[in-house]
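Worksheet: the structure to be examined is printed underneath.
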Amino acid sequence: MKISVIGAGYVGLTTAACLAQIGHDVFCAESDSDKLSKLQSGVMPLFEPHLEKVIEIARKAARLHFGSAGEAIDWGRAIFICVGTPPLANGDADLSAIEGVARAIAKRASGYRLVIEKSTVPVQTGAQLSRYLSVLSTNGLDYDVASNPEFLREGSAVEDFLHPDRIVVGVNSARAAQLLREIYEPVIAQEFTCPVHSDCPKCKDPVFLVTDTSSAELIKHASNSFLAMKISFINMVADLCEAVGADVTKVAQGMGLDPRIGPAFLNPGIGFGGFCFPKDVQAFIRIAEKSRCDFSLLREVDKINQHRVKQFVEKIQGELWVVRGKKVAIWGLAFKPNTDDVRFAPAIALAKSLLDEGASVSAYDPVAAEKAKAVLPNITYCADAYQAAQGADAILIVTEWEEFRHLDWKRLLSMVEQPLVIDGRNMFSPEEISGHGFRYISVGRAGAVPSPTAVADGKEYRSAQADKDVQESLA
Ligand code: UGA
């Protein structure tokens, strides 16, 4: 089918490339001229595992083209709207980009178009879109509007598109449902060449769920808000564990064994970030408010999350005693591993807070440094985790990149000023890092002090608390 995708962000680009991979003829539009010329010359504007390969395959097969929104509107029978819906100051989603695309479709298109909202939008946006198209169309446009929310996680977006748990379509006509079914048939049947797995297990059996438009829109916001709630819940349990000396890893394991709860999204830490959860929780609160439903539960979810970085800074203060003048290493800037996205990333808020406290910050991230530089110019960007740790009073783990699991801790011990690791993602077991001679502080688990035999080069570590104890005993 000839399909258009408008917007080449993480969602749009993944959608366009994967639709081409499953056999469609796709035209992808991007309004940022710099990004568009990159795409047209085969340069990736963002980092997303496997996406470059999928785009290359599609371009070689001439099944993926890039250009303007006007060309995209002329091209596709089905048009996926994948433009940004950033948060406004009051928490509402800014729908001006969606409105702009709707206006362009109404003014330009003639004949039939299936207009599909894939961007995350407030409930009833589909109904507004429909009204708007009807009022503004000038060329005898015949159309359906559908909602097809995306459930793509950054870092595994290609995998999520091709091997989903569910495909949700909200429609107002049988014709729209039928077209969407045709579009997704190769995914539903799992019949396509998989670019991710050489020996594709094809074990998924995706559910194709057809609903009305409003329900589909709500499914998206409710899903993200529920996952965010799970994270804030386990973060509070972690705080409780710290207070009573329990181990949150065990608590989460025990809870997750109940199939009604499940083990996913019960990893405590420095909080959720990215361009989805923080803004979607805010937007869902606003949607409820406007419908006179008091969703204060979600306000708490947001409040707990907003507090995570501050609490982490307090942990650092507790260990370093005086932060001013200290050097801290931040490992990981992206809001999660396998992406270069730093939007609403806890690492950015943490670095800013530490700079305000007078610390000097050296940071390393395998792929996100370039994007971080735009929002965080005043820190030192390092080529690897070792360079960041050189002379550091504390190593702070903020993103759980796999490569951090394979470091030479003996080498690190010889480089740091103080052997202190504060892990905001519980990447390691306390015994492991203390076994390398470091004091290890994590989230919701008992802190670990180095075993005496592991302390190298006669380096002796005293925590700020130990220093305070000495001072108090002298006074
Ligand atoms: C999220 C959803 O998972 C996708 O289903 C959805 O399609 C997407 O938003 C979207 O709306 O576009 P994403 O933002 O890429 O995907 O990232 P997640 O993997 O969901 O993680 C979000 C944040 O939660 C990260 O900062 C992560 O570190 C944090 N997190 C996740 C935790 O702190 N603990 C956990 O147990 C899981």
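Computed from heavy atoms alone, side chains included, the values below leave out hydrogens, waters and symmetry copies. Start at 1 and go down the list; that is how both ligands and their atoms are numbered.
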Could a heavy atom of Lys230 be found less than 4.0 Å from some atom of ligand 1?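 No.
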Is it true that Gly273 lies under 4.0 Å from ligand 1, counting heavy atoms only?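 Right, Gly273 reaches ligand 1.
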For residues 254-266, dump all side-chain donor-acceptor pairs below 3.5 Å to protein atoms at least two apart in sequence or in another chain.
| residue | atom | partner | partner atom | Å |
| --- | --- | --- | --- | --- |
| Asp258 | OD1 | Arg260 | N | 2.8 |
| Asp258 | OD1 | Arg260 | NE | 3.2 |
| Asp258 | OD2 | Arg260 | NE | 3.4 |
| Asp258 | OD2 | Arg260 | NH2 | 2.8 |

Identify which of Ile231, Thr120, Thr339, Val443 has a heavy atom lying nearest to atom 31 (C) of ligand 1.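 Going through Ile231, Thr120, Thr339, Val443 one by one, Ile231 has the nearest heavy atom to atom 31 (C) of ligand 1.
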Name the option, out of Pro164, Ser223, Cys276, Ala264, that contains the heavy atom nearest to atom 9 (O) of ligand 1.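 Residue with the shortest heavy-atom distance to the ligand atom: Cys276.
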Would you mind listing which atoms of ligand 1 come within a distance below 4.0 Å of any non-hydrogen atom of Lys220?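 The list of qualifying atoms is 6 (C), 7 (O), 10 (C), 11 (O), 12 (O).
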With heavy atoms of Phe272 as the reference, note each atom of ligand 1 found under 4.0 Å away.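 Ligand 1 atoms under the 4.0 Å threshold to Phe272: 23 (C), 24 (O), 26 (O), 29 (C).
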Look only at interatomic distance and state if [X] has a nitrogen or oxygen under 3.5 Å from any nitrogen or oxygen of ligand 1.
X	answer
Asn267	yes
Gly274	no
Glu400	no

At a non-hydrogen distance cut-off of under 4.0 Å, which region of Leu266 contacts ligand 1 (side chain, backbone, both, or neither)?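 Just the backbone.
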Does any pair with a residue in residues 213-259 pass ring pair (Phe, Tyr, Trp, His ring centres under 6.0 Å), and if so which ones, sequence neighbours excluded?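 Listed by first then second residue: His221-Phe284.
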Parallel, tilted or perpendicular for Phe428 and Trp409, by the 30°/60° rule?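 Aromatic pair Phe428/Trp409 classed perpendicular.
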